[in-house]
Amino acid sequence: MANTILTSGVRANLLTLQQTTAEQGVIQNRLATGKRVNSAIDNPVNFFTSLGLNDRANELKGLLDGISNGIQTITAASQGIDSITKLVQSLQSTIKQAQADAAANRPNKVGTADVLANATEVADTGGKSRKDIALDKRLGEGAAAARATATDTGHLIDTTTNTNMALTVSAGSTTYTVDLAATATVRDLVNEINKSGIATATVDDSGRLNVTGAGSNTLRVGVGAGTSAANARINASSATNQNALLGLAAADGDTAGAGIVSAGGNSTVRSNLIKQFNDLRDQIDKLAKDAGYNGKNLLDGDKLSIIFNEKTGANQSKLDIQGETLSAANLGVLTAVSGTALTGQFNIQDDTALNTAADTLTSALTSLRSISSTLGSNLSVVQTRQDFTKNLVNTLTTGADNLVLADSNEEGAKLLALNTRQQLSQTALSLASQADQGVLRLFG
């Protein structure tokens, strides 16, 4: 088949029309995809740079899920701490209720009447009160005991041979011992007992010595005399002490004696609080076990790792949070019982044990606040990194789009111009064809 020969004018217009059609195809593709760079052929630098930015943005988007889970895990632990704190505060309230019913559990002894001061001494001192006579009376003197007169305060113990005196106060495992001066008075004795922290002492209006334990343990108060300070201390805790001369019983200070015990027995109020206390204590363990999220529990010793960037090895940015095994036992909260306490228990009837329990709960609150502060700090870090990652993803995506996206307004204007240009090319091609047809008229 012979080749068809086109005139130069037709060929030129045809070429222009083909170029216009090709450009239209390119612009139509840009408008259809929204991108001016659809492959490496269009612009290798922009295409691969945009691809890299989008890849990193997608990796960071994947990490956002882990960061979000981390935030929820920390939040769950923090909420657990808040609830446990309320339980500990309720335990404190229970202890305070038990402490408010202390009178029945405290050992108390009222001395024998007319021992420290009697009616004769009131008359001999010109009407001085029995309380003042008793308080001013000296404990020891180098002679037999002598009553108070208008010129002498009197004394109680013969220290002719046993020139040294001592006081011993004990309750439970606590003992307070002090040497007494030869010139010490009953007032000095009262002050020393009060100083012990184990018991309190007063002299009532009848001139009797009153001794009350600071706790509910058996109380022993003994005054001794001996040839040396050491012997006086030994005598104070023996059956031959000087207590009878103070209106107390020898057994009140004798370590082998009965001591001063509580007459009230166990407090019913305290006994009724045992179950309430132990139920609250058990809830601490249960609540801590339930404070997990998505299989991670920072209150059960789990470790949480939150990754913040897409890198590996030494370049990886992450936060490791080591949880704590939180329980009533770890907080030092013991189980309440009434009576003899075994390991892990405390006697709710014992004032000293109650004071220790109250201090333990205060320390527990301090520990909980410390844990809560740590969790709050970690949560702040993770939330900050979450916001940063979201902003960075947006920056990367925007940057990638700027490299490859098409300007629809510009491309639309170009397509309109090409359509006009195509119409003109078609008209020019038609005119060129008409010029060729003019030759045929010469043969008509």
Side-chain angles (χ1 to χ4, degrees), residues 63-100 269-270 272-308 317-337 344-346 348 353-390:
L63 293 176
L64 280 173
D65 292 336
I67 294 174
S68 179
N69 283 337
I71 289 176
Q72 298 307 314
T73 302
I74 298 172
T75 301
S78 180
Q79 291 171 344
I81 291 293
D82 292 342
S83 297
I84 291 173
T85 297
K86 292 179 181 178
L87 289 176
V88 173
Q89 290 171 340
S90 295
L91 287 173
Q92 283 184 316
S93 177
T94 304
I95 292 296
K96 288 179 181 177
Q97 291 180 58
Q99 290 175 318
V269 172
R270 291 183 177 186
N272 291 338
L273 290 172
I274 292 176
K275 185 177 185 305
Q276 176 181 324
F277 183 92
N278 290 338
D279 286 347
L280 288 169
R281 181 189 182 278
D282 292 342
Q283 284 301 317
I284 293 177
D285 295 347
K286 294 177 181 178
L287 203 155
K289 293 290 185 183
D290 292 336
Y293 177 85
N294 196 31
K296 290 286 185 179
N297 190 344
L298 293 177
L299 302 188
D300 197 28
D302 291 343
K303 181 178 179 180
L304 176 66
S305 293
I306 304 175
I307 301 174
F308 297 130
S317 176
K318 67 177 182 176
L319 177 65
D320 291 327
I321 303 174
Q322 179 60 57
E324 298 187 31
T325 303
L326 192 61
S327 66
N330 288 345
L331 290 173
V333 183
L334 305 180
T335 301
V337 296
Q345 301 175 341
F346 77 95
I348 200 170
L354 281 173
N355 291 335
T356 301
D359 292 341
T360 298
L361 291 173
T362 300
S363 298
L365 284 178
T366 301
S367 298
L368 290 171
R369 292 190 185 101
S370 177
I371 297 172
S372 179
S373 176
T374 301
L375 289 175
S377 177
N378 288 330
L379 181 60
S380 178
V381 170
V382 179
Q383 287 176 330
T384 300
R385 288 305 301 251
Q386 183 187 48
D387 293 340
F388 169 77
T389 301
K390 287 180 179 179

- Query: Among pairs that include at least one residue of residues 360-386, which meet ring pair (Phe, Tyr, Trp, His ring centres under 6.0 Å), considering only residues two or more places apart or in two chains?
  - Reply: none

- Can you tell me how far CD1 of I67 sits from OG1 of T389, rounded to the nearest 0.5 angstrom? 4.0 Å

- By ring-ring contact (aromatic ring centres under 6.0 Å, His included), which residues pair with F346, not counting sequence neighbours? F277

- Which pairs count as side-chain hydrogen bond (donor to acceptor under 3.5 Å, both in side chains) when at least one residue sits in residues 293-303, sequence neighbours excluded? K289-D300

- Query: What residues, two or more places apart in sequence or in another chain, satisfy side chain to side chain contact (heavy atoms under 4.5 Å, CB included) together with T335?
  - Reply: N278, R281, Q345

- Check whether any side-chain heavy atom of Q99 sits under 4.5 Å from a side-chain heavy atom of N355, and report yes or no. yes

- Rounded to the nearest 0.5 Å, how far apart are CG of L298 and CG of L326? 11.0 Å

Exercise answer: donor-acceptor pairs, residues 72-81 side-chain atoms, under 3.5 Å, sequence neighbours excluded:
unit_1	atom_1	unit_2	atom_2	d
T73	OG1	N69	O	2.9
T75	OG1	I71	O	2.7

- Message: So, taking the atom named CG in L368 and the one named CD in E324, what distance separates them when rounded to the nearest 0.5 Å?
- Response: 9.5 Å

- Query: Can you list the residues that meet the side-chain hydrogen bond (donor to acceptor under 3.5 Å, both in side chains) rule with N330, with sequence neighbours excluded?
  - Reply: S327

In residues 86-96, what donor-acceptor pairs under 3.5 Å come from side-chain atoms, sequence neighbours left out?
unit_1	atom_1	unit_2	atom_2	d
S90	OG	K86	O	3.1
T94	OG1	S90	O	3.1
T94	OG1	Q276	NE2	3.0

- Message: List the residues meeting side-chain hydrogen bond (donor to acceptor under 3.5 Å, both in side chains) with D279, not counting sequence neighbours, and say none if there are none.
- Response: K275

- Query: What distance separates L361 CG from T356 OG1, expressed to the nearest 0.5 Å?
  - Reply: 11.0 Å

- Query: Quick one: does V337's side chain get under 4.5 Å of I274's, heavy atoms only?
  - Reply: no

- Query: Atom NZ in K318, atom CG in L304: separation rounded to 0.5 Å?
  - Reply: 11.0 Å

- Task: Identify the heavy atoms of A98 and I348 that sit nearest to each other, and give their distance.
- Result: CB-CG1, 4.2 Å

- Listed partners of D320 passing side-chain hydrogen bond (donor to acceptor under 3.5 Å, both in side chains), at least two apart: S305

- Set of residues satisfying side-chain hydrogen bond (donor to acceptor under 3.5 Å, both in side chains) with respect to S317, sequence neighbours excluded: R385

- Note on the structure: The reported gap from CG in L299 to CG in D285 (rounded to nearest 0.5 angstrom) is 11.5 Å

Side-chain donor/acceptor pairs under 3.5 Å, residues 370-382, sequence neighbours excluded:
unit_1	atom_1	unit_2	atom_2	d
T374	OG1	S370	O	3.1
N378	ND2	T374	O	3.3

- What residues form a salt bridge (Lys or Arg N to Asp or Glu O under 4.0 Å) with K390, not counting sequence neighbours? none

